[in-house]
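Okay, so here's the structure we're looking at.
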Amino acid sequence: MFRLLSRSSLPQASTLAPKVDVLYDFILWISLISFVAVIGALIYFVFRYRRRTESDKTPYITGHSVAENAVAVGLLAVVMAIFAWGWIGYKEIIQSPAEALEIQILGRQWLWQVEYDNGRTLVNELVVPKGKPVQLIMTSADVLHSFYVPDFRLKQDLVPGAYTKLWFEATEAGEHQVFCAEYCGTAHAQMFAKVKVLEPEEYARWQAEGGQAQVAATTGGKKGAAHSVHLAVNLAEKGRQVFTQKGCMACHAVEKGKILVGPSLFGIFGKQETLADGSKVVVDENYLRESLMDPQLKLVKGFPPLMPTFRGVLTDEEVNALVAYVKSLK
Ligand code: CUA
């Protein structure tokens, strides 16, 4: 089977990759067949209807509605098939499985910071288990970046001030290159990272050991100098500390059934809230972040507009930690 040269050497390292490739091949073949048909017809008509004698006159053709409609309907069918196929794939890409392992990614000029639930932070290296769905919760500290893993056929922008998500299930152990695919300044072209896929038992061991020694050993001597910093506290615990330091607990209870000035945060993540104007919102990462930065924008029904903005007060890391803490309250 004919495969495009540019990806003939690219491994299919995620559950999504073969599906993307099949659609890609389909579009490629349709395009190729259309190209040959159009150019072929063109060449045929040039010879078939060329002027043979001086008196040859081109007939005046007003139209052929059967042929025209057939072409229009045929093309529409092909385009709609591509659209429907792409739509089905897109829905699969944006909806992660519920049991996915969550990892935070913070893009900044010009590196990738990876943070795990247990507080471990890696730079330019993402370690994941094979055969398990992984959800990346991503944001940027400065400008737009884009997390691009060709082996997984996945790419997603990181947007400052908001969270974007990307999920995948790696099917091949080993290292996979990550590129930044959004021009982000001088060192954009050097903004590399590696996704390191471990066998599940190897991953469990890596997590248990704290990772530091192993990461140092596997990346030592290679260019791109990934390194890891092991933090004593996990992300939700860090969030609990920020919650106390910034005085959040004055207005928000974290125990079940207790309500202070603002809504209780117990079990709030993933729930649907009714807002002051009667509309509904699902409490997700972006809603929590927005509520910290622009608290009056989407007020929960029945609560006064008293919360101050925390824009400029909290760093991206602190917002990530607070979100992790709120998630842990259940
Ligand atoms: Cu980050 Cu380009």
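All ligand and atom numbering here is 1-based and tracks the order in the structure.
The side-chain heavy atoms of Ile105 and Trp112, taken from C-beta on, include a pair separated by under 4.5 Å.
Using modelled atom types, one side-chain atom of Gln177 and one backbone atom of Ala193 make a donor-acceptor pair closer than 3.5 Å. With hydrogens and angles ignored, the 3.5 Å screen pairs a side-chain donor or acceptor of His252 with a backbone N or O of Pro263. A donor-acceptor distance shorter than 3.5 angstrom exists from the side chain of Thr171 to the backbone of Ala13, with no hydrogens or angles considered.
In summary, an N, O or S atom of Met191 is located under 2.8 Å from atom 1 (Cu) of ligand 1. At a cut-off of 2.8 Å, His188 does not coordinate atom 1 (Cu) of ligand 1 through any N, O or S atom.
Taking the ring centre of Phe266 as origin, the terminal cationic atom of Lys256 falls outside the region bounded by 6.0 Å and 45° from the ring axis.
In Glu182, the N, O or S atom that comes nearest to atom 2 (Cu) of ligand 1 is O. His145 contributes ND1 as its N, O or S atom closest to atom 1 (Cu) of ligand 1.
Take atom 1 (Cu) of ligand 1 as the corner point: the lines to SG of Cys180 and to SG of Cys184 open at 120°, to the nearest 10 degrees.
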